[in-house]
Structures are given as C-alpha cells and as structure tokens.
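These numbers were taken from a predicted model, which means no experiment stands behind them. We name chains A, B, ... by the order of the sequence lines, and we start the count at 1 in each one.
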Protein chains: 2
Amino acid sequence: MALNKQSIRNLNEKSVLRQIFIGGPISRIQISRNLDLNKSTVSAIFNDLSDRELVVEMGQGESTQVGGRKPVMIKVNPKYGFTVNFDIGFHHLDVMGNYLEGTAFFYQRFDTTGFDIHQIIALMIKTVNSVGAADMVQGLLGISVAVHGIVFNNKVTYSPFIDMEDVSVYDELTTQFEVPVIIENEANLVATFQRDFSRDSHRTMNNIVVISIHKGIGAGIIIDHNIYRGEHGEAGEIGRSIYTMNLSQPQQAEKIENYASQDAILELIKQRKKLKQLNFAEVASLYEQHDSVVVEAIKDFCSYITTMVYNTAISFNPDAIYLSSDLIENIAELLPMIQAEYNQLPGEGKTDIRLLKGAKFASLLGGCSAATHQALGITEQQLKFNYSLKKAVPDFDEQAI
Amino acid sequence: MALNKQSIRNLNEKSVLRQIFIGGPISRIQISRNLDLNKSTVSAIFNDLSDRELVVEMGQGESTQVGGRKPVMIKVNPKYGFTVNFDIGFHHLDVMGNYLEGTAFFYQRFDTTGFDIHQIIALMIKTVNSVGAADMVQGLLGISVAVHGIVFNNKVTYSPFIDMEDVSVYDELTTQFEVPVIIENEANLVATFQRDFSRDSHRTMNNIVVISIHKGIGAGIIIDHNIYRGEHGEAGEIGRSIYTMNLSQPQQAEKIENYASQDAILELIKQRKKLKQLNFAEVASLYEQHDSVVVEAIKDFCSYITTMVYNTAISFNPDAIYLSSDLIENIAELLPMIQAEYNQLPGEGKTDIRLLKGAKFASLLGGCSAATHQALGITEQQLKFNYSLKKAVPDFDEQAI
DNA sequence: TATTTAGTTTGTTGTTTGAACCAACTTACA
DNA sequence: TGTAAGTTGGTTCAAACAACAAACTAAATA
C-alpha cells in the first residue's frame, strides 16, 4: 500500500502522539524538532489530539536557556481511558487496571484452583465490569490476556496447563466488550514489558530475548522493537530444543525442558529427598544450608540454563538476554554462577545476561502496553510507559526495579 | 521521523517503482489498483520515472475482458545500469554482472590460490573496470561482496578463512568507484537470493532461514522480509552452538560445526580411510557403493544436521528452512533421510525443510539484489528479480531451479 | 454505434510549509 | 526599578504541492 491522502495526516498524528507518549511532558517545539515537522503542523495536530482529549497541556516548562518564552508542556491525558489486563496462571488469575500512560490503579489476584475455562472467563467478565475508573473520557480502551501457551492471531493453539475446551477467550471477551482484545503468549508480553517499561538500560535496545523459566521454558523475542512470533506463533519455544545427540535412537530424543525447567528441578529434589511439598523459598533455604542434593540439582540447573542461554545468544545475537525465573530470583548466587559459566564459553563481546526485574507484574504490564498500542492504533512503533504501581500495589517496592 | 512534504512523493515513487519491479510488465491502471493510488497520480509518477529512464513502455497488453482500450505495459529499463557482484571464496573469486532487473550478462570464476587480500582487491577493481556493459543510461549502479565470515556495517569483523589484515574492502571499493558498496555475510546473501529470486513457492514467505553447510555452518535469517543480523552481525552463527551437556567440564564444550560441518565429515572419512584427497563427488560415489565408513559418517552427518534444523525451526519457527550443502546436493538420498528423521521428532505442523536450488550462484544473485536495493534507495521493501543466467552461463540448466 | 477500459487533462481538496506575527521570558543596563 | 534588546515558543495565513475526482480522449470489443 502506498500513501494516499488520508494516511498522511493519520501517520503524522500518530507520530506526534507517540512523541508525547515517550517524551513525557514535552513541548510543541521539541516535537517539531524531533520529527522534523514544521511547528505549525505540530500545532495543528496537537489541536486535533487535544479536541479528542487524548492529550492535555500541563503548565509551563523551564526556559533554562538565555531567555525566551517558556514552553507549554504537553502530556498524555491519563484520564482518557484505561486498559484491563489479565494473566491466566495455573491456579490463579491476575488482573491489573492501567491508565493510558501505564500507571496501575488496580491489582488483584484471584485463586482459580479447580476452575474450568468457563468459570475463568466468567470471572474475567465480572472483573472488567467492576473495574470502572471514574472521570474517564472514554472508559475502557482495551483488554489483554497473557496465556501460558502458544497463541497465534489471538487464538490459543496450545495450552499445556489449562484445558481450553475449544473455547475462544478472544471471542467471548470481544462480544462482551466492544474494545480491542489481545490474547498473547506470556513470554512475549514479558518481553514487551522489558521493552516498554524498563529503565534498566541507557542504550536503546533493538533486539532482546526474555527467557521465561517456569513450568516450561519459553523465550519472548523482540526483533527490531517488535514481538517476533514466527509463522505459527511458535517461535521461541526453546524448551522443546533437543540437546542430546543420541544418534542411534532419534525417537528417544528428549526436550530440554524435561530436565531444565523449574518444575523438573523441584520434582528431582522432591524425589531425591522424598518430600511431598516444596516451594522456591524452601529450596533457597536448603541451598543456603549447603544441602548436597539441592546444591547438586541447582548446579545442574545452572549448567542447563547456561547452555540454553549461550545457544540463544548465538542464534539471535540480541542486545541482551533477560532471565525470568523464581529460582534465580530467590537464590542470589545463581545469576553470577550462570554468568561466570557463560563467560567461560568461547566468543568475544558476549551478550549481556540479566535478571528480569519486576517479574511479578511483567506480563500484566506487557499486556497493558500491547492493549494500549492496539487501542491507539499505534501498532508499528514502540511506546514507553510510566512504571507506577503504588496506587494499585501500595506495599510493592518500586525502587527495586 | 514523520512524513514531511518531500518524503511523501518519494515514498510513493518508490512504491510505484517497486510495483513495476515485482509486477513484471504491468499497466498504470494495475499499479493504481494495487497501491490504492489514483490513476492520475500513477501517471504523474510514471512520467517522472520515465524521464529518468528508470522504466520504459513495452507495447500493449491484452484486453482479455469484454472490450476496452488495451493497457500499455511498463517494465524496468534493463539498460538503466548494472551491478557487479563478488563472492570471495577460499581459493577463488566469483564475479557476476547483472542488469537492473537481475539478468546476468557476465560471470567468471578466478582462481585465487595463494592470493593475499590486497591481490584479491586489486583483482576486484580490475574486474569492475573491465565489466562495462554497453548502452547503459547510468552504467555501474553498485557493487556487492559476499564474505564467508561475520560482517557488521560493511566491515568484516571475523574472517576465519581469509586474512583481512585490517584492510577494509568497503573503503577500497568505495574510494575507487563512487557507487553504493555492500559487504555482506554469504549466508545472508543466500537467504536474500532465496527471498528475491526463488520461484519455488506460491505462498509468500515472511520468515525463512537458510542453513549454509560448508567449511562451517551458518544461518542466513530473513525475518519479516528483511535480513536479521542481530546486534553485531553475529546472528545465525549456529555452527557455534553447543550440544554436548558435559556438566562437569563446561570449558571443554565443543561447538557443533567441529563435527557436523562438511569439512569435518570429509576429514573424518579421509582419516578413517587413510586418504590424502577427497571431494564431494568421490564421497557420493563411495556412498553409492555402500562403503561402510562413508555410510556411517554420512548417517551421523544427517543426524547432526537434523538436530540443528529441528532446534532452528523451534527457535525461529520460519515458513521454511533451506539447506545449502554440496554433500546434500550430491547425494540424492540425504535430504529425504534428514526429512524422515526430522519428522520423527515431536511436534505438529512441522516447518518445511527444502534443498536450496541454484546454490552455485546464490550468493552472487543475493548480492545483486542487495546492491540493487541500495542503488534504488528501496531498502525497506522486498523486490523480485529476473532469474536469467543464460547470457552469462550458457551451459547452466536453469530448468533445474 | 454502444459499451468498456486505459490513460490524460484540469480544476479541487487537504496537508505541509515558511514567513510574519504575537506572547512571554531573560538579560543588560540606565 | 524600569525599559529595551534579544531569544524562544506558539499561532495565523497565504503559498506550494501532492493526491484526488471528474471530465475528457483513445482505443478496444461486440
């Protein structure tokens, strides 16, 4: 498609809106300079956006220079509307409500043990209806759902933990609420979170990979600022990789997540120590006590992860690889161990390996980003969001992020 | 950057030119329909392009319908100019001259055994000067160089087979010829060839991976129609992957290409059979004779490749994976063997595994595409080229492609 | 001749642009 | 303290320009 008349203003409008989004409070003149658009054009577009109440003026900025009129600072109107974002976990449903610029105003975790997919969807619908935010121009703008499985075109094509019974979450929510609905793989949303909410890097990252290690192992891949899904949404399912070169019996090849996932490690420890129950805090505690079974299991875990990280770095050569794992988060020694082992492997100028900060709300916030992109029609370009949870999760320490 | 006034016409001009490129002979009205641009706009843009002699009218098309004026067909002007494209091999330098639309008019292979990089560059410069094509509007439009190594931003950062001595091929050629010069990794150019020259698929492929198995093993990755290079041009160096999970001694981890590359397999056979010399045709012949050493080595080779292909398919989930390998090309049984073993591995709706057709000239033609893109300033969008070698390589059977 | 389709011409519309202008601020200086 | 000069932000408005729609010409079929 070429540029016909409508698309021009449309695109420039989105570019200006994006500048206001990512540039925080910003003046018209600065937008004009950033976009190489005439300032009168920017003014005209601002007036349109302002008429639609998408953006608001917010007092004057500083004239730090040699004098001259102070700029009028512009920002996204947080009262324009909000998104509601879900994460369907194994035994819980997480919900977060976010204003347009990302600030969370609501968070809740529901226990869904024993729920089937119909009950979960009913709970989602009920929750969306209850999460009204007052004084909004538009109200609900979009809904996102993080799914632990494979998703393609808003359809869940593979769900190892929850039985989807051929129910389409997308259809159910779309018919109920007439706003954009996004169903997306959890690892992809975590990667989106890292891209749009993180402040952990000064340099701009074009390509990042998030390796999410929980029940299984999956990678969320951002290439050229966009989620890379592959042909059927199956890209990054690196837990299914085969590392055992058992040449004589290819049929017996086993995927790596069968022994390298957190669940596999926990299961191993439980078996060896003949335990019924075991959680990550307990593993961490046993590890601190130098329990030999746990130490050995963790050491193997690190080696597996290191190899996977190394091969992923080689395949994708991203700017950084982020690890999202409760085990690694709970045992402080693990990340340095993995990094040390990684650095022993051949190669120069190795990829940065980092711990994903703020993993607890990552998929929800990533979903907020995806839903907001969709709601504003800015699907091609990256946005940057406010990281502010204090209203929704008062006891959460944001400084740690 | 937003759309300022200059960029609009510029972009539409490129869109029209691209239509003419990929749409073969095409009429103004068809372009207008394809691009959703008014036909008068298309006419105006055509006149501009025609004034610059980039495109030419070529007689009338058919009016297959119920009557009406016949359309005037338009095509790219093959006499506008040409590109010169090199492949620096281990012991040879390949050169091809191509008209704007891809047709090869010149091909030569030079033996460069014993040459250092200075001599190779001197030979390249001499060759470009001699490859004048007559009656060209612009003459030389661009130069491409395929390199077996890692390239980033037109700089060779790693060259395992040729000593680059800190010489910049890019600088040498750019100062000598004032046209765009492109230095690019060989596997990336082969992937570009597959994208832009291949006729082997009806469906449009967004994402493809070419695995090039020669002295080493590297992948050329096309994501969303563009070469994916990664942060430092190192993406797809999958030969460096580690598959041995020797947990106790990570230092001893060995990269897969040390035993899965063609050179490794040939070396193994040579050792076991105590041979001094061995080429692919001889291996093929020994394999047909059921030579046990060769059969076993080839069987292992297939298993290694299958595993690499499987893991690559899992990581990237591309539309198809193409294999470029002399061994697989020379022994007809190999591809079916790999495919069969691949299909035994778990997973549904598996990625297509295919043999790259026309491997011999793939990097040159991929370079032609890259150089032409650059010369026309169409870097964001895909072009499709004419596959015609008969003028340059009369004895080559194009039907096999 | 009626109808259909391709392409051109011409005047209209919408968008960016540049220049002039107004607004508001800082600094210098009387 | 007051005022003029200089600087920067933002608005207004006519001009430029690209895409567009409509009317037209050209050339085909039935």
Nearest-angstrom distance from the residue atom CD1 of B:I31 to P of D:dA19: 14 Å
Choosing from C:dG7, D:dA19, D:dG9, which nucleotide comes nearest the side chain of A:R33? D:dG9
Kindly indicate, with the supporting measurements, whether the criterion side-chain hydrogen bond (donor to acceptor under 3.5 Å, both in side chains) is fulfilled by B:E53 and B:N77. CA-CA 7 Å; B:E53 295 188 71; B:N77 183 1; 4.8 Å; no
Think A:R9 has a side-chain N or O under 4.0 angstrom from the OP1 or OP2 of C:dT16? yes
Distance-only polar pair, side chains of B:N4 and B:S7, donor-acceptor under 3.5 Å: yes
OP1 or OP2 of C:dT16 less than 4.0 angstrom from a side-chain nitrogen or oxygen of A:N12, does that happen here? yes
Using side-chain heavy atoms (C-beta onward) and a distance below 4.5 Å, is B:L100 in contact with B:T372? yes
Assert: residue with more 5' nearest nucleotide on DNA chain D, out of B:K39 and A:N47, is A:N47
Tell me which nucleotide among C:dT16, D:dC20, C:dG7 gets nearest to the side chain of B:S43. C:dG7
Whole angstrom is fine here: how far is it from CD1 in A:I29 over to C1' in C:dA23? 14 Å
Among C:dG7, C:dC25, D:dG10, which is the nearest nucleotide to the side chain of A:K70? C:dC25
To the nearest Å, give me how far apart CE (B:M73) and C1' (C:dA6) are. 12 Å
Which listed nucleotide (C:dA23, C:dT17, D:dA19) is nearest to the side chain of A:S40? C:dT17
Just how far, in rounded Å, is P of D:dA18 from CG of B:L35? 17 Å
Taking CD1 from B:I26 and C1' from C:dG7, how many angstroms apart are they, rounded to a whole number? 15 Å
Rounded to whole angstrom units, what separation is found between the CG atom of A:L11 and the C1' atom of C:dT16? 14 Å
Do B:R69 side-chain and C:dA6 base share a donor-acceptor contact under 3.5 Å? yes
Distance test, side-chain N/O of A:R28 to OP1/OP2 of D:dT11, below 4.0 Å: yes
Over how many whole Å does the gap from B:I8 atom CD1 to D:dA19 atom C1' extend? 9 Å
Any sub-3.5 Å donor-acceptor pair from B:H373's side-chain atoms to B:Q381's backbone N or O? yes
Answer with base, sugar-phosphate or nothing: what part of the nucleic acid does B:N38 contact at a heavy-atom distance below 4.0 Å? base
Using atom types as modelled and distance alone, determine if a side-chain donor or acceptor of B:S50 lies under 3.5 Å from a backbone N or O of B:F46. no
